[in-house]
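A short write-up of the structure that comes next.
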Amino acid sequence: MALIVMKFGGTSVADIEKIENAADKVVKEVERGNKVTVVVSAMSGVTNQLVEYCSEISSLYDVREYDTVVASGEQVTAGLMAIALQKRGVTARSWLGWQIPIKTNTIHGKARIEEIETKELHKRLDAGEVVVVPGFQGVTKNKRITTLGRGGSDTSAVAMAAALKADRCDIYTDVKGVYTADPRIVPKARMIPKISYEEMLELASLGSKVLQTRSVEMGAKSGVPIQVLSTFEPYLGSDLKGTLVTKEENIVEQEIVSGIAHNKDEAKVTVVGVEDKPGIAASLFEPLAKAAINVDMIVQNISSRDGKTDMTFTVPRTDLERALKTLENLKTLKYEKLIVDPKVAKVSVVGIGMRSHAGVANKMFRTLADKGINIQVISTSEIKISVLIQEDYTELAVRSLHSAYGLEENKKIA
Ligand code: ADP
Ligand code: ASP
Ligand code: MG
């Protein structure tokens, strides 16, 4: 008998028929003798609609109230899932974030889970009950509702699995697993049967939204195996199909490049004509950090004229307005002007094999050059290379890189 967390994403619970389909899968796992905790997302499109409602009233809404609004989508599906399970003769009960409680910090809109109380849930699971939990939501110690950032139900699921010491966390979604690139952009993308937490972490943080980054971090820390699989296939998580996210040592054959990720959620800002002297970067980026704006790629141009230089960096598009306001209000930094380009995309090549194989970066630059794609910013780490390009070229870049690295052919390191 295994303890399994089954997470169903937005498209997997998009309407009543799909919720019933998901409930059938839960029942089958129960019939196999497993203890099951179900984590559900909101019906697909609902969270976007709720976010829009907030923005319609005010673009600078209070994030505490935003959380109250957007957390509601998951409450609906949790209740409906419990009803669908009960209809099938299974004892099931929904537990909202505050009822468990799933305690988080107070960073509203992108809160982090700090602690989950599991005593009562274990009691219920031991008694044969299915526990149904809405993803995405938690509660602060001051009893305010929080949400975990977009895609946060993955994190709720892995956190529940870690807290309950589950044997596995099954992420049911609308694709068959984790692919070498987004299968919606690269039809020839190949499903990866096993991937290390480390590579998955890079892919997720670089834009492969199949798993929220924080969920992978949590998987790596707790050691909970994460199985990503399709809701719309007849098999179950216990059949171990799809992609297993696991420790590097469990993967026998390793690839040089395991995948290509892309992200269209960033915007580029250039601060033109700042003084080229010590402390400038600090006085530019400290206020942004204080405003909780994550700066990603950064380049400082060489000093060109009169000891002046330009700084270019990227921020999430959703934070652009706040970033610009922060910079415009800076009293401690003088600059000539700000140039903003929201139509950029980051394309990244990820692979653990890069540690031991040279030439990966070179191939990326050559491939993009051959397609006439201009690279605006480059950043690298031990196992990834990212470039910033014009947004219109994203699909072309991802497809060209995918075939340049032979990813459709299942190449392994010899
Ligand atoms: P859910 O609603 O189930 O959480 P998401 O939309 O958040 O689903 O994530 C699944 C989507 O992630 C897929 O439909 C796919 O388009 C996208 N995706 C991006 N990169 C990848 C990748 N490398 N492998 C699989 N899916 C990916
Ligand atoms: N419903 C939330 C979102 O759309 C959380 C999730 O689905 O993971 O971001
Ligand atoms: Mg998701």
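For the numbers below, each heavy atom of this structure counts, side chains included, while hydrogens, waters and symmetry mates do not. Each ligand, and each atom within it, is numbered from 1 in the order the structure gives.
- Residue Val175 touches ligand 1 through its side chain alone, judged by heavy-atom distances below 4.0 Å.
- The protein heavy-atom contact nearest to atom 2 (O) of ligand 1 is Gly10 N, 3.0 Å.
- Assignment of Val178 to the shell around ligand 1 is supported, since a heavy atom sits closer than 4.0 Å.
- Atom CZ of Arg366 has 12 or fewer heavy atoms from other residues, nucleotides or ligands within 6.0 Å.
- In summary, the atoms of ligand 1 found under 4.0 Å from a heavy atom of Asp174, numbered by their order in the structure, are 10 (C), 11 (C), 13 (C), 14 (O).
- Heavy-atom separations between Gly177 and ligand 1 include at least one value shorter than 4.0 Å.
- Proximity of Gln212 to ligand 2 is not established, as no heavy-atom distance is less than 4.0 Å.
- Residues Tyr172 and Phe232 place their aromatic rings such that the two centres sit no closer than 6.0 Å.
- Under a 4.0 Å criterion applied to the non-hydrogen atoms of Ser153, ligand 2 contributes the atoms 5 (C), 6 (C), 7 (O), 8 (O).
- Here the closest heavy-atom approach between residue Ala22 and residue Ser12 is recorded as CB-O, 4.2 Å.
- At least one donor-acceptor pair closer than 3.5 Å links the side chain of Arg399 to the backbone N or O of Ile185.
- Taking 4.0 Å as the cut-off between side-chain N and carboxylate O, Glu217 and Arg214 count as a salt-bridged pair.
- Ligand-side atoms of ligand 1 in range of Lys7: 4 (O), range being under 4.0 angstrom from any heavy atom.
- Between Lys7 and ligand 2, no N or O atom pair is found at a separation short of 3.5 Å.
- Heavy-atom proximity to Ala181, at under 4.0 Å, picks out these atoms of ligand 1: 22 (C), 23 (N).
- Of the N or O atoms in Gly151, one or more lie within a sub-3.5 Å distance of an N or O in ligand 2.
- Within ligand 1, counting atoms from 1 as listed, the ones closer than 4.0 Å to a heavy atom of Thr173 are 1 (P), 3 (O), 8 (O), 10 (C).
- Listed by atom number, the atoms of ligand 2 under 4.0 Å from Ser41 heavy atoms are 6 (C), 7 (O), 8 (O).
- Taking a distance limit of 4.0 Å, we find that atom 23 (N) of ligand 1 is approached by some protein heavy atom.
- Heavy-atom contacts of Arg184 reach the following atoms of ligand 1: 13 (C), 14 (O), 15 (C), 16 (O) (cutoff under 4.0 Å).
- The backbone N or O of Ala82 lies less than 3.5 Å from no partner atom in the side chain of Arg93, so there is not a single donor-acceptor pair.
- In this structure a side-chain-to-backbone donor-acceptor pair under 3.5 Å is missing from Asp167 to Ala2.
- Salt bridge present: Asp174 and Arg184 bring a charged side-chain N and a carboxylate O closer than 4.0 Å.
- At the top of the distance list for atom 9 (O) of ligand 2, counting protein heavy atoms only, stands Arg150 NE, 2.7 Å.
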